[in-house]
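Written out below as structure tokens is the structure these notes cover.
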Amino acid sequence: MQKNKFPKDFLWGGAVAANQCEGAWLEDGKLPNVTDVLVGIIRSGNNPSIKWNEEKQIWEMNLDPEKQYLSHDGIDFYHRFKEDLTLMSEMGFKAFRTSISWARIFPRGDEEEPNEKGLQFYDQMIDTMIDLGMEPVITLSHYETPLALIAEYGGWTNRKLIGFFEKYVRTVLTRYKGKVKYWLTFNEINNAFKIPFAAAGVVSFPPTNPDEPMADVDEKMIYQACHHMFVANSLAVKACREIDPEAHMGVMCSFSHIATYPENSDPENVVGTHLFKRKHYFYTDVMCRGHYPKYILNEWESKEIAPVMEQGDEETLAKYTNDYIAFSYYRSSVYSKNVEMKSDTGGAIGLSNPYLKESSPEPWKWPIDPVGFRLVCDELYDRYELPLFPVENGIGLKEDETDGMIEDPAREKYLRMHLEEMAKAIEDGCEILGYLWWGPIDIVSAGTGEMKKRYGFIYVDRFNDGTGDLHRSKKKSFEYYKRIIETNGEEI
Ligand code: BGP
């Protein structure tokens, strides 16, 4: 048994997202958001269930009756959050991350007044966490831009979204002042290029080809959306300092991308890896250092794709940088100059790595690489010297309850190996605030929209076809994680 040292107030816990667990997608005044028109953000790609209404000149929701939108009911967390949070606290959670669903608070996104019923739901949820001794960690938008802002305004390419977001942020910061200390702005903002609709709310507007909703999206539009999101992110930092100076406003990126290795020592592969990683560092370079780096200015100039900025934007970016860096880490990838890099919700995909022997099961097959986790922590801390918060790490498995309690040694092993490497990163000098397991309770997958991919220490009886009675039960790993938290990670 290995002895590891974790800081005294280390925030052990887990993380989910409103759109993957709450369900109740149109309850108490909520209107659709981007994920409500997707069956998995990777599976649906850039073809959401929306269609162009020529007469009204707006996009409209156009659900496909043949498809299962499991996220619409999720795991019914909206009605069962007390029971679920109680189970988390039984494991000893010190922190729990979820998102506020923006479209519950401002259902269209552009209203004058917030939806009181939506706020009341989060009042109860946040109070329950606090009563149970958990620090709420709240994402402001986990792929959850209200659909009306995309359908009628064209999404984040439209500067007006900055103001809508700021209003929403100020509303919830004021409401939860003194209760929520850890905020995150946009979940995995660095996926803007891979999944522009979900990550950056980008849709062509007005469309030139309504049958292929995203056909007209180009790099310039995405950089424009990113610029607006960066300014909105800075204004969220500003609002946080003004409204609740004790609270912290973090960024959130998919930083499995940083654990990208060159195929070999061919200098072209090494430099290619560096350039690939920099495409992802770009986001934290702007939000944490407070300016656009020279490498991106050069790229914009040579391709003539510089976003439109307003006077004062650069000052805002410089003045209000984020307090900490939150990130997801699932796996690593291998870069080769001969292969086009792809990515999904787990990170980048290149060549397979002959040194990694294990992976998650078919069909996902995400390679397991705990050492990459240490590398990501070290590189981030060396580059920014800001506190780090791994807010997503975990493994999706296929499990069923037919033989009684689910035994999940593969999950325990994944957890153990990653914690051991995180302990080394702390030893390397990284300041790490806590560790949040992704999906401590089974939820709908973000990438593929299915229930079959289970991350939980807690099982939920719901299946890909939408059947199941939604009962919860503990898997074997429940006790394992509980023991780890009890000993502050000394007994892994
Ligand atoms: C991240 C997302 C999460 C999430 C996780 C696992 O990219 O922030 O929302 O679900 O990936 O991905 P998946 O659900 O596709 O297995």
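Model, not experiment: these values are computed from the prediction. FYI, side chains are in, hydrogens and waters are out, and symmetry mates aren't considered; it's all heavy atoms of this structure. Read the numbers this way: they start at 1 and go in the same order the structure lists the ligands and their atoms.
A cation-pi arrangement is found for Arg104 relative to Phe121, the charged atom lying closer than 6.0 Å to the ring centre and inside a 45° cone about the ring normal.
The closest donor-acceptor contact from the side chain of Lys357 to the backbone of Pro354 lies under 3.5 Å.
Taking the centre of each ring, Phe6 and Trp12 come in below the 6.0 Å mark.
For the ring pair (Phe, Tyr, Trp, His ring centres under 6.0 Å) condition, the pairs that include at least one residue of residues 460-481, sequence neighbours left out, are Phe93-Tyr481, Phe457-Tyr481.
Salt bridge status for Arg383 with Asp285: present, with a side-chain N to carboxylate O gap under 4.0 Å.
Side-chain N/O atoms of Ser89 and Thr86 include no donor and acceptor closer than 3.5 Å.
Listed by chain and number, residues touching ligand 1 at under 4.0 Å (heavy atoms only) are Gln20, His142, Asn187, Glu188, Tyr330, Thr345, Trp366, Glu392, Trp438, Ser445, Ala446, Gly447, Lys453, Tyr455.
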